[in-house]
Amino acid sequence: MTFELRRSIAADHPSLPGHFPAAPLVPGVLILDEVLAALRDWRKDCQLTAIRTVKFLQPLKPEQPFTICLSTSNDDATGVNFCCRIEDHAMVEGQLEIYFGTKVTS
């Protein structure tokens, strides 16, 4: 089961000023926020419980389009693999841990 979504980060995003001003790059946490938003678009009934692994392979520039790809081995899997690509090159890859339903805390 897979899901893909195209995104880009606007050059006027409030997190960008001061983040390498001479050669702006999108912060990794902002890319991960986009991955989480894509997960919520795909699996509305789940909650992120952990980021198991993440590896940043290539920088992302403001306005540069990228594709988020999410995949699981089956509908009720608690592990979601993700990859962000710029064209055919992996930019970020990793694995998320999710929980279905409302999590009960004590």
Side-chain angles (χ1 to χ4, degrees):
M1 181 174 211
T2 62
F3 178 78
E4 283 193 12
L5 190 60
R6 298 263 305 158
R7 296 280 169 103
S8 66
I9 307 299
D12 63 351
H13 190 281
S15 71
L16 296 178
H19 202 78
F20 304 105
L25 296 177
V26 176
V29 69
L30 188 53
I31 297 167
L32 292 176
D33 192 49
E34 291 295 321
V35 170
L36 178 56
L39 176 65
R40 289 180 178 147
D41 286 348
W42 181 40
R43 307 296 298 264
K44 294 171 183 26
D45 58 341
C46 75
Q47 296 178 21
L48 178 68
T49 56
I51 298 174
R52 290 183 182 165
T53 62
V54 64
K55 187 170 186 176
F56 294 91
L57 304 167
Q58 174 177 333
L60 178 67
K61 297 176 184 173
E63 304 292 338
Q64 190 172 22
F66 65 101
T67 302
I68 300 169
C69 182
L70 304 167
S71 64
T72 61
S73 55
N74 57 41
D75 285 346
D76 60 350
T78 59
V80 175
N81 296 314
F82 71 93
C83 179
C84 298
R85 294 186 317 267
I86 300 171
E87 297 177 6
D88 291 334
H89 304 287
M91 173 184 67
V92 180
E93 54 189 24
Q95 187 175 50
L96 308 173
E97 183 177 306
I98 60 172
Y99 176 83
F100 289 98
T102 304
K103 192 166 187 169
V104 178
T105 57
S106 36

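Note that this is a predicted model, so its numbers are computed, not measured.
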Chemist: Starting at SG of Cys69, measure out to CZ of Phe3 and round the result to the nearest 0.5 Å.
Modeler: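 One finds 10.0 Å between SG of Cys69 and CZ of Phe3.
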
Chemist: Evaluate the side-chain proximity of Thr72 to Arg43: yes if any heavy-atom separation is below 4.5 Å, no if none is.
Modeler: yes

Chemist: Minimum heavy-atom separation for Ser8 to Pro65, with atom names?
Modeler: CB-CA, 4.0 Å

Chemist: Using the rule that two of Ile, Leu, Val, Met, Phe, Trp, Tyr join whenever any of their side-chain heavy atoms come within less than 4.5 Å, decide whether Leu57 and Leu96 are in one cluster.
Modeler: no

Chemist: Of all the heavy-atom pairs spanning Ile86 and Pro59, show the shortest one and how long it is.
Modeler: CD1-O, 3.7 Å

Chemist: Given Phe66, which partner from the list Val26, Ile9, Leu5, Val92 fulfils the side chain to side chain contact (heavy atoms under 4.5 Å, CB included) test?
Modeler: Ile9

Chemist: Which pair of heavy atoms, one from Leu25 and one from Leu16, lies closest together, and at what distance?
Modeler: O-CD2, 3.6 Å

Chemist: Could you name each residue pair satisfying side-chain hydrogen bond (donor to acceptor under 3.5 Å, both in side chains) that touches residues 29-42, not counting sequence neighbours?
Modeler: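 Those involving residues 29-42 are Arg7-Glu34, Arg7-Asp41.
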
Chemist: Who pairs with Glu4 by side-chain hydrogen bond (donor to acceptor under 3.5 Å, both in side chains), at least two apart in sequence or on another chain?
Modeler: none

Chemist: Nearest 0.5 angstrom please: Phe82 CZ to Leu32 CG, how far?
Modeler: 5.5 Å

Chemist: So how far is it from Glu87 CD to Gln64 CD, rounded to the nearest 0.5 Å?
Modeler: 8.0 Å

Chemist: Could you pull out all residues at least two apart from Glu97 that satisfy side-chain hydrogen bond (donor to acceptor under 3.5 Å, both in side chains)?
Modeler: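 For Glu97, the residues satisfying side-chain hydrogen bond (donor to acceptor under 3.5 Å, both in side chains) (neighbours in sequence not counted) are Thr49, Arg52.
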
Chemist: Got a second to check how far Leu48's CG is from Leu39's CG, nearest 0.5 Å?
Modeler: 6.5 Å

Chemist: Shortest non-hydrogen contact from Phe56 to Gly28?
Modeler: CE2-CA, 3.6 Å

Chemist: State, yes or no, whether a side-chain contact exists between Pro62 and His13 at a heavy-atom distance under 4.5 Å.
Modeler: no

